[in-house]
Amino acid sequence: MIDETASTTDDTQRDASIGYRDIIRALVRDPLVLVSVIFLTLLILSAIFAEIVAPMDPLIPNIFASRLPPLSYATGLDGTEQLHLLGTDALGRDMLSRLIFGARASLFVALVSVFVSGVLGTCLGVIAGYYGGWVETVVMRAVDAFMAVPSLLIALFVLFIIGGGLVNMILIFALVRWVVYARLARGITLSLRETQFVEAARAIGASNARIMLRHILPNMISPLLVLATLEIALLVLAEAGLSFLGFGLVPPEPSWGLMISRGREYMREAWWMITLPGLAIFLTTLSLNLIANWFRAVMDPVQRWRWLM
Amino acid sequence: MVDAKPLLKIENLVKHYPAPGHGLDKSRVVRAVDEVSFTLHRGETLGIVGESGCGKSTLARTLLRLVEPTSGKVLFNGEDLVGLSSKEMRARRCQLQMIFQDPFASLNPRMTVGQILSEPWVIFPDILPRAEWKERIWYLLTRVGLSADDASRYPHQFSGGQRQRIGIARALSVNPEVIVCDEPFSALDVSIQAQVINLLEDIQQQFGLSYVIIAHDLSVIRHCSDRVAVMYLGNIVEIGTWEQIYGNPLHPYTQALLSAMPEVRTKDRKERIILEGEVPSPLNPPSGCRFRTRCHRAQPDCAQNKPELRVRAQSHQCACIHIHD
């Protein structure tokens, strides 16, 4: 009876329990992900503590210091010499301060909408795929209907009626974007529902809720996570687009999207006004993608050991 | 060894699937399991053999109600499981367990072995108090030939044979009375097969289990069954003790199957019966005897009369109208 046990002696480090220490070790080993984590942490912290971190007020214009390139000095409204590390915009407001305050709006809208729409869409998708029948028909026809109309167009229309602003924007994004998660979740549920381990769970008396939560959901985390990171990038841009059209945040309020739309007019003479917020969006989504990919692998028992070894 | 009163009694169990592409036409059905009846006694092993697509796996799932039967009865200790509500059924699931064919698909890749084994205790806290979980997991793992440290590992870290042992341990974790094994050996190497068969026999003696073992490998079934049922196209065509089935097969289909079994013997080898043609579609099975289209002893009247399982000798039943003994 001593058959296959020999093969397991060399992989004791593939054990199940992983502590935060293992995660930190794995992070250090992967510098690209480490940099992304640091960047995102700094970004989120500075967005939360924007009042303390930002060198200047992002809303007060200074006509005499408009369109200054990065690393230039200007006399502020209070008469002191001030360094504009990343330059100023068309109204002389400090770019760095506006980027920091803008991160707040952009990230908040994107993260919260992705969370709300992801939870909503995944739940509906799993339920539709698991139960089938009329539940599935109703959910999936709703998905088809939402898919058939460009989501930004719906958002535009609804925001036009109920008015813009942060909360409305989050609600609208959740309303139009849940469909992508629902479609993915339903598809995966359809295949997982037929697997033998789900049958085995049913054979030991697991309830439907338990099968969905413990057996189906954990096995679709990876693709959902990848989708969610892509959606964050998409929503940062959608927020930018809607704000640009005047249906999102109201202008003096800083957001990366608004900054790009304003900077667009000065693209020739002041490159930093459009490049810097664009870079912020790019770096944020890139870091999110790298982290999500890494997180997905670390969360997957089959791939984990490669990253933790 | 065998009680007079059966532990499990299956009566006229039927499972029809709606035919693909005929959603509205309810009369077109795939007759996966048609009017199957048998009994299983305490401590007994019933082997079910038949070629691919004859409804063996559907039968296994139907009698555990993992698939809802179309009609018929599954009497477990005298109680009909088919009539129970899904809640009542869940409470009885512990008594009937299943071991699955594919050890690579039957374990959730996101759960550790310990979590897999303790899941029934989470669902039914009455089975085992939480303080005893750890010890019980260790016991189960060592009982099936794994080590106690394996509890914290994930399924992908095990080989096929080890995973099948985990599947056996999971079935044992709820103290069942009947275990239905759906092709439990077919995904394993021959050497591992023998070990798993021995393991199943050991735990059967220790825990007083009854098995329904489904397989297509006749030699495996001969090795581990007390009684054998032969299925063809959704019907049981012959059922008897293994001595009867292997020593004196009555049904032409059983005879054909046995003659196809590889043997080492060189002398007095019986003539091989080679089955002609393909298995007919269960969508549209032949009239009368379903085996008549491929039977080497078919007569014209086989098309008219549907043969019933009739007792030919002590506990030996066969469904063929041309057997007279």
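First the proteins, then the strands, lettered A, B, ... as listed; each starts at 1.
In this structure, B:F104 CZ and A:T195 OG1 are separated by 15.5 Å, a value rounded to the nearest 0.5 Å. For the atom pair A:D300 CG and B:R110 CZ, the distance stands at 4.5 Å (nearest 0.5 Å).
Contact annotation for B:I99: neither backbone nor side-chain heavy atoms come within less than 4.5 Å of a heavy atom of chain A. The part of B:I123 that comes within reach of chain A is its side chain, from C-beta onward, which places non-hydrogen atoms under 4.5 angstrom from that chain. Heavy atoms closer than 4.5 Å to chain A are found in the side chain of B:V122, but not in its backbone. Contacts between B:R61 and chain A at a heavy-atom distance below 4.5 Å involve the side chain alone, from C-beta outward. Heavy atoms of B:Q115 lying under 4.5 Å from chain A belong exclusively to its side chain.
Within 6.0 Å of the CH2 atom in B:W133, the count of heavy atoms belonging to other residues, nucleotides or ligands exceeds 12. Residue A:F39 places its CZ atom among more than 12 non-hydrogen atoms of other residues, nucleotides or ligands, all under 6.0 Å distant. By the neighbour-count criterion of 12 heavy atoms within 6.0 Å, atom CZ of A:F295 is sparsely surrounded, having that number or fewer from other residues, nucleotides or ligands. Atom CD of B:E135 has 12 or fewer heavy atoms from other residues, nucleotides or ligands within 6.0 Å. The neighbour count for A:R141 CZ, taken as heavy atoms of other residues, nucleotides or ligands under 6.0 Å away, is above 12. With a 6.0 Å radius and a threshold of 12 heavy atoms from other residues, nucleotides or ligands, A:R104 has its CZ atom above the threshold. Atom CZ of B:F207 has more than 12 heavy atoms from other residues, nucleotides or ligands within 6.0 Å. Shown here is B:Q205, whose CD atom has no more than 12 heavy atoms of other residues, nucleotides or ligands within 6.0 Å.
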Practice prompt. Test side-chain contact (heavy atoms from CB on, under 4.5 Å) on A:I204 and B:Q97 and set out the steps.
Written response: CA-CA 7 Å; A:I204 57 165; B:Q97 276 302 303; 3.5 Å; yes

Item checked: Check against side-chain contact (heavy atoms from CB on, under 4.5 Å), B:N108 and A:R214 -> CA-CA 9 Å; B:N108 186 341; A:R214 295 279 296 152; 5.9 Å; no

Stepwise side-chain contact (heavy atoms from CB on, under 4.5 Å) test for B:M111 and A:H215 = CA-CA 9 Å; B:M111 285 167 93; A:H215 294 275; 3.6 Å; yes

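Taking the side chain as every heavy atom from C-beta outward, A:F197 and B:P155 never approach each other to under 4.5 Å.
Counting heavy-atom pairs closer than 4.5 Å to chain A, the top-ranked of the candidates B:L64, B:L107, B:V174 is B:L107. Ranked by heavy-atom pairs under 4.5 Å with chain B, the list A:G205, A:A200, A:P218, A:A201 is led by A:G205.
Between B:E119 and A:R210 there is a salt bridge, with a side-chain nitrogen of the basic residue lying less than 4.0 Å from a carboxylate oxygen of the acidic one.
Here the closest non-hydrogen pair linking B:H156 and A:P301 is CE1-O, 2.7 Å.
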